[in-house]
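A quick write-up on the structure given underneath.
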Amino acid sequence: MPKKRKTKRRKKKGTRRSILRRVPSYILWIALGIIAVIYLVFLYKTFVGPYSFRWKAIYTKVTYPKGEVRGIDISHYQGDINWDKLRNAQIQGAPVSFVFVKATQGTDIWDENFNQNFHNARKNDIIRGAYHYFSPHTSGKAQAKYFCKMVQLDERDLPPVLDVEETGNYSIPQLQHEVLQWMETVEKHYGTLPILYTSYKFKTTYLNTPDFDRYHYWIAHYHVDSLQYKGDWRFWQHTDIGKVDGIKGHVDINVFNGSYQDLIDLTIKYED
């Protein structure tokens, strides 16, 4: 039988390479430039932009927002505080006029340094306030009763504060209901309008109804030149990496929206 002739298959030339050869080089350079710009914009918005003010706060001297009345908020995370240094400390040329102290969380967590910090604030003539960290896993009313049981507020103390940062499994209406339960229960107990602490985005997303507008607002909005929030506010926590004499490590720094007399007017006054 005759032998079959072996035929070699011709390899097809790469069509991609031939197409690229037909494209003018300047168009390729333009396309690469566009891709590079898109990539750099993505990097900036994802990794640089959101943290640029934080980086400047850590590595450079940043000018804090304008305001004549400044203060801090503390918990056991600040450890042992040197109150002799703190009472003489300066924040942008202003004294530490007020301090908020963490007291409770949920229905069974007590800040181990609360009594010491709360006592020392009054002892060193710094206007003091106490706050509760809201847990989205137990009822707001139960948390309010726990706070009222554990915290005694005296005249010249700032109104009680609810710190809300988590939604848990609550829907927005459920979260709003539980937060209002805390606010209403505490208001009735102390006879003063409480303060609501939460971030700008959290407030506008979850607690942006007229029910919450009647409460004093303490806004957390870090490392920005100015507030985007257009509503009324009392306190602005503008950095979580501040440095103050008497405290090792970082501390939250706040500015009060008003004069020192306005701050005094905000404190609790009990009728005889």
Side-chain angles (χ1 to χ4, degrees), residues 50 65 67 69 71 73 75 98 100-109 129-151 153 157-240 252-258 262-263 265-269:
V69 183
D73 55 278
S75 69
F98 62 89
F100 287 105
V101 185
K102 182 178 180 181
T104 53
Q105 180 174 333
T107 56
D108 57 0
I109 297 177
Y131 75 88
H132 173 87
Y133 188 91
F134 181 81
S135 169
H137 306 294
T138 54
S139 77
K141 193 168 187 177
Q143 294 185 61
K145 288 182 176 180
Y146 179 60
F147 178 85
C148 294
K149 175 185 176 182
M150 301 299 291
V151 178
L153 296 177
D157 287 339
L158 289 165
V161 179
L162 179 61
D163 176 351
V164 188
E165 303 180 29
E166 302 178 68
T167 61
N169 294 322
Y170 285 144
S171 66
I172 292 179
Q174 288 173 327
L175 177 69
Q176 292 174 349
H177 173 75
E178 296 301 333
V179 171
L180 284 173
Q181 285 286 297
W182 193 98
M183 303 296 276
E184 292 167 0
T185 303
V186 167
E187 179 180 0
K188 184 177 180 180
H189 178 82
Y190 293 103
T192 190
L193 203 64
I195 299 170
L196 175 65
Y197 166 97
T198 190
S199 69
Y200 163 72
K201 289 185 177 179
F202 199 99
K203 173 72 160 63
T204 55
T205 302
Y206 301 106
L207 306 176
N208 198 26
T209 69
D211 292 327
F212 297 99
D213 291 340
R214 65 183 293 265
Y215 298 108
H216 306 300
Y217 183 33
W218 176 9
I219 182 171
H221 200 186
Y222 300 157
H223 319 306
V224 293
D225 291 322
S226 60
L227 283 177
Q228 298 178 29
Y229 184 72
K230 302 303 179 184
D232 295 329
W233 57 274
R234 288 287 193 167
F235 300 89
W236 173 12
Q237 187 184 83
H238 54 81
T239 182
D240 59 343
D252 301 334
I253 296 182
N254 308 267
V255 62
F256 176 67
N257 190 14
D262 293 331
L263 182 68
D265 293 342
L266 184 62
T267 59
I268 297 172
K269 284 102 181 156

Atom of P136, atom of Y170 and distance for their closest heavy-atom approach
O-CE1, 3.3 Å
Does any non-hydrogen side-chain atom of F256 lie less than 4.5 Å from one of L266?
yes
Ignoring hydrogens, what is the shortest heavy-atom contact between V69 and G258? Give both atom names and the distance.
CG2-O, 3.5 Å
About how many Å separate CG of L158 and CD1 of I268, when rounded to the nearest 0.5 Å?
8.0 Å
Show the numbers, then the answer: is there a side-chain contact (heavy atoms from CB on, under 4.5 Å) between L162 and V186?
CA-CA 10 Å; L162 179 61; V186 167; over 6 Å; no
In short, W182 meets G140 closest at the heavy-atom pair CD1-O, 3.4 Å
Do the charged groups of R234 and D262 touch, with an N to O distance under 4.0 Å?
no
Smallest heavy-atom separation, Y131 atom then S75 atom, equals OH-CB, 4.1 Å
Minimum heavy-atom distance between Y190 and C148, given as atom pair plus value
OH-CA, 3.4 Å
Of T185, T138, T107, which meets side-chain hydrogen bond (donor to acceptor under 3.5 Å, both in side chains) against Q143?
T138
F212: ring pair (Phe, Tyr, Trp, His ring centres under 6.0 Å) partners, not counting sequence neighbours
none
Nearest 0.5 Å please: distance from the OG1 atom of T104 over to the NZ atom of K149.
12.0 Å
Aromatic ring proximity F235/F98, centre distance under 6.0 Å:
yes
Is the backbone of Y206 close enough, under 3.5 Å, to the side chain of Q176 for a donor and an acceptor to pair up by distance?
yes
Determine whether a donor-acceptor pair (N or O, by modelled atom type, separation under 3.5 Å) exists between the side chain of T198 and the backbone of V164.
yes
Contacts of Y229 meeting ring pair (Phe, Tyr, Trp, His ring centres under 6.0 Å) (sequence neighbours excluded), chain-then-number -> Y217
Residue pairs fulfilling salt bridge (charged side-chain N to carboxylate O under 4.0 Å, His left out) with at least one residue in residues 175-202, sequence neighbours excluded:
E187-R214
In the structure I gave you, are the side-chain heavy atoms of L193 and P159 within less than 4.5 Å of one another anywhere?
no
Roughly how far, to the nearest 0.5 Å, is the CZ atom of F147 from the NE2 atom of H189?
9.0 Å
Once rounded to the nearest 0.5 Å, what's the spacing between atom CG of N257 and atom CG of L227?
9.0 Å
Flag side-chain contact, heavy atom, 4.5 Å: F100 against I195:
yes
Should the ring pair H221 and Y200 be called parallel, tilted or perpendicular, given that the plane angle runs from 0 to 90° and is split at 30 and 60?
parallel
Evaluate W218 against N254 for side chain to side chain donor-acceptor pair (under 3.5 Å), listing each step before the verdict.
CA-CA 9 Å; W218 176 9; N254 308 267; 2.9 Å; yes
Value for CD1 (I219) from CD (Q237), rounded to nearest 0.5 Å, stands at 10.5 Å
Rounded to the nearest 0.5 Å, how far does CG of D213 lie from CG of D211?
8.5 Å
Just checking N169: does its CG atom have more than 12 heavy atoms from other residues, nucleotides or ligands closer to it than 6.0 angstrom?
no
Take L175 and F134 through the test side-chain contact (heavy atoms from CB on, under 4.5 Å) and record every step on the way to the result.
CA-CA 11 Å; L175 177 69; F134 181 81; 3.9 Å; yes
Can you give me the closest heavy-atom contact between Q105 and Y146, atom names plus distance?
O-CE2, 4.3 Å
